[in-house]
A.B. asks: 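Below is one structure. I have some questions about it.
Both ligands and their constituent atoms are indexed starting at 1 by order of listing.
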Amino acid sequence: MTYLKIAGACKLNGQVSISGAKNAALPLIVSSILAKNEVQISNIPNVADIKTLFVLLENLGANYEFKDNFARIDTRNLSKTKAVYDIVRKMRASILVLGPLLSRFGSCEVSLPGGCAIGQRPIDLHLLALEKMGAKIEIKQGYVVASGRLKGTDVLFDKITVTGSENIIMAAALAKGKTRLLNVAKEPEVVQLCEVLKEAGLEISGIGSSELEIYGTDSELLNFKEFSVIPDRIEAGTYLCAGAITNSKITLKKVNPSHLSAVLSKLEQMGFGFESKEDTLTILPAKEIKPVEILTSEYPGFPTDMQAQFMALALKANGTSIIDERLFENRFMHVSELLRMGADIRLNGHIATIVGGSELNGADVMATDLRASSALVLAALAAKGESNVHRIYHLDRGYENLESKFKGLGADIKRLKEE
Ligand code: EPZ
């Protein structure tokens, strides 16, 4: 196993290029199951979760090539419809194959993903929606066993779910008749999936709103055009927080600022400025870092995937900040690690009170999930002395070339082997 050694109290400067969005690339790659042609996708981040997904597709019988962030995927000869536990347990987003496999083949088995470090993360809404569309769903030996030809109908999601929406959009694509989806997630990643399917010939309206109408093709496969994955708004937000926590001026390239409104508005409230031109965004240092109040919610609200990074940043604020985590019940695992660095954070249920201003000291800390890991990296950059961030396989799941990007910004960061 490897860990990151990070020298603290650093100033950053320069430019960093933002990669394609992992959470957009995952459903987009899965959508190739709906294709009658080879699907070509560029700007795919080369991160562990993407590689896991390719292994899953290959295991189902797909052919693929993935090089230099570009993939060719051919699912025309898919021979299996069982997504096995050994792969699904590595990445919950594997559940995304359920909708498209079922709508294409009329039956499939997908291992239940189980809980994870940030909460229980049920998939009941995915299953209820498929049942509403006529599927028979059983849970057998840890697998979702689904069968039946899907028919268009009205589906109302009780809660907004990102991968749930994506799963059912893909299921509806090959279903028979019109599916109306209500209370759909509006995340840019969901929007890109809809746009790509529309380009591929699917009749779909309401894109970007919480209500979609999809005219299913009744099993006819779609004809995909080549496309490029949108920039990763969470990676971009993480680098903005790196600029902020070190109070440095840095520039992000290949970014879409319009996907970052909630994050930019909180950084502005904390005293930071911005300059933006086309697809670049520069964060400017604050005269004084002010405390902030954050409530995580669905897009366009403040993303839960940026909560941990803002908690690290709030430690540098001049006053007390409040973070209210509304989406996941256990997404505060980074708190006990930040405490090891001298942070003053109090937890009360889903609310964290962060007392800013006390000095952070370098320490050995352990990553617990993807975004928690990035918060520890940020805190390490701002702390006095050296920190070692362990279990960074979590980081590798979603951040492409993290050390080289930080080195490019002037940080002293090394990946070393645990002894
Ligand atoms: C997606 O997860 C992202 N993953 C997560 O990013 C992100 O944190 C999350 O959306 C919220 O934005 C991918 O896109 C691959 P949800 P997802 O279903 O789809 C409840 C990262 O770090 N719920 O929108 O699994 C659920 O428990 C990851 O990159 C049900 O109750 O999240 C949660 O409270 C982590 N039943 C809420 O809905 C369901 O059937 C939102 O979860 C489904 C969800």
Side-chain angles (χ1 to χ4, degrees), residues 19-31 45 47-50 52-53 56 88 90-99 110 112-132 137 139 144 155-171 183-193 210 229-230 232-238 259 262-263 295-309 324-331 333-334 350 367-375 394-400:
S19 299
K22 165 186 81 87
N23 288 349
L26 291 169
L28 290 167
I29 292 168
V30 168
S31 74
V47 294
D49 274 7
I50 296 291
T52 303
L53 181 60
L56 175 62
V88 177
K90 293 193 183 129
M91 186 186 60
R92 298 183 45 84
S94 308
I95 193 64
L96 283 167
V97 299
L98 178 64
V110 179
L112 268 173
C116 86
I118 63 175
Q120 286 185 24
R121 307 190 68 186
I123 54 153
D124 55 319
L125 302 175
H126 304 225
L127 303 184
L128 280 172
L130 290 174
E131 278 178 336
K132 183 95 200 294
I137 307 272
I139 306 295
V144 178
V155 174
L156 166 66
F157 292 100
D158 282 349
K159 245 186 182 178
I160 297 177
T161 158
V162 176
T163 49
S165 301
E166 292 161 348
N167 223 338
I168 305 310
I169 289 165
M170 290 189 278
N183 206 20
V184 176
K186 293 185 282 191
E187 269 66 3
E189 295 76 20
V190 180
V191 171
Q192 187 176 25
L193 174 68
S210 57
V229 177
I230 55 170
D232 195 319
R233 63 196 168 97
I234 305 301
E235 189 200 20
T238 304
H259 292 165
V263 165
L295 176 70
T296 65
S297 73
E298 298 86 3
Y299 190 85
F302 186 90
T304 169
D305 289 349
M306 284 303 304
Q307 176 258 103
Q309 299 89 318
D324 188 346
E325 170 58 61
R326 291 291 178 93
L327 281 153
F328 294 111
E329 67 275 17
N330 193 23
R331 210 171 192 179
M333 302 277 277
H334 42 285
H350 50 82
T368 47
D369 78 69
L370 173 57
R371 309 304 170 186
S373 329
S374 64
H394 290 293
L395 272 178
D396 295 334
R397 293 185 56 179
Y399 286 94
E400 188 174 48

A.B. asks: Side chain to side chain contact (heavy atoms under 4.5 Å, CB included) between I139 and L127: does it pass, once the steps are laid out?
C.D. replies: CA-CA 10 Å; I139 306 295; L127 303 184; 4.2 Å; yes
A.B. asks: Considering only heavy atoms, does F328 approach ligand 1 within less than 4.0 Å through its side chain, its backbone, both, or neither?
C.D. replies: side chain
A.B. asks: Sort out for me which residue in E189, H259, K22, Q309 forms a side-chain contact (heavy atoms from CB on, under 4.5 Å) with I234.
C.D. replies: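 By the side-chain contact (heavy atoms from CB on, under 4.5 Å) criterion, I234 pairs with just one of E189, H259, K22, Q309: Q309.
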A.B. asks: Taking only heavy atoms of L370 into account, list the atoms of ligand 1 that are under 4.0 Å away from them.
C.D. replies: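 Taking each heavy atom of L370 in turn, ligand 1 has 22 (O), 29 (O) under 4.0 Å.
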A.B. asks: Any side-chain heavy atom of Q307 within less than 4.5 Å of one from H334?
C.D. replies: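 Result yes, sub-4.5 Å side-chain heavy-atom pair found.
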A.B. asks: Under a 4.0 Å heavy-atom limit, does K22 contact ligand 1 with its side chain, its backbone, both, or neither?
C.D. replies: side chain
A.B. asks: Let me know which of R326, R371, E325 forms a side-chain contact (heavy atoms from CB on, under 4.5 Å) with T304.
C.D. replies: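 Testing each of R326, R371, E325 against T304, the sole residue satisfying side-chain contact (heavy atoms from CB on, under 4.5 Å) is E325.
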A.B. asks: In this structure, does ligand 1 have an atom that sits under 4.0 Å from one of the heavy atoms of H394?
C.D. replies: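 For ligand 1, residue contact (heavy atoms, under 4.0 Å) with H394 is absent.
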A.B. asks: Find all atoms of ligand 1 within a distance of less than 4.0 Å from any non-hydrogen atom belonging to T304, and give their numbers and elements.
C.D. replies: 8 (O), 11 (C), 12 (O)
A.B. asks: Near K159, which atoms of ligand 1 are under 4.0 Å from a heavy atom of that residue?
C.D. replies: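 With K159 as reference, the close atoms of ligand 1 come out as 20 (C), 31 (O), 34 (O), 38 (O).
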A.B. asks: Heavy atoms, side chains only, cut-off 4.5 Å: are V47 and D396 in contact?
C.D. replies: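 V47 vs D396: side chains apart.
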A.B. asks: Hey, is E166 one of the residues with a heavy atom under 4.0 angstrom from ligand 1?
C.D. replies: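 The answer is no: ligand 1 sits nowhere under 4.0 Å from a heavy atom of E166.
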A.B. asks: At their closest point, which heavy atom of L395 faces which heavy atom of L370, and how far apart are they?
C.D. replies: O-CD1, 3.7 Å
A.B. asks: In the protein, what heavy atom is nearest to atom 22 (O) of ligand 1, and what distance, to one decimal place, separates them?
C.D. replies: R371 NE, 2.9 Å
A.B. asks: Considering only the protein, which heavy-atom contact is closest to atom 2 (O) of ligand 1, and what is its distance?
C.D. replies: R121 NH2, 3.2 Å
A.B. asks: Between G237 and V263, what is the shortest heavy-atom contact and its length?
C.D. replies: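 Answer, listing the atom of G237 first, then V263: CA-CG1, 4.4 Å.
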A.B. asks: With atom 34 (O) of ligand 1 as the reference point, say which of D124, L327, L125, T161 has the nearest heavy atom.
C.D. replies: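 Among D124, L327, L125, T161, the closest heavy atom to atom 34 (O) of ligand 1 comes from L327.
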A.B. asks: Can you figure out which of D232, T163, N23 has its heavy atom closest to atom 3 (C) of ligand 1?
C.D. replies: N23
A.B. asks: Atom 39 (C) of ligand 1: which of A25, G301, P122 has the nearest heavy atom?
C.D. replies: P122
A.B. asks: Please could you name the atoms of ligand 1 that H126 approaches to less than 4.0 Å, counting only its heavy atoms?
C.D. replies: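 The atoms of ligand 1 under 4.0 Å from a heavy atom of H126 are 40 (O).
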A.B. asks: Does the pair D305/R331 count as a salt bridge with the N-to-O cut at 4.0 Å?
C.D. replies: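 Looking at R331 together with D305, the answer is yes, because their closest N to O distance falls below 4.0 Å.
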A.B. asks: Kindly indicate whether the side chain of M333, heavy atoms from C-beta on, has any atom under 4.5 Å from the side chain of N330.
C.D. replies: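 Yes. Closest side-chain heavy atoms under 4.5 Å.
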A.B. asks: Give me the nearest non-hydrogen protein atom to atom 35 (C) of ligand 1 as residue plus atom name, then the distance to 0.1 Å.
C.D. replies: R331 NH2, 3.6 Å
A.B. asks: State, with a plain yes or no, whether a side-chain heavy atom of T296 is found less than 4.5 Å away from one of D324.
C.D. replies: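 When only atoms from C-beta onward are counted, D324 and T296 do not touch, as no gap falls below 4.5 Å.
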A.B. asks: Given D305, V162, I160, identify the one with the heavy atom nearest to atom 41 (C) of ligand 1.
C.D. replies: I160
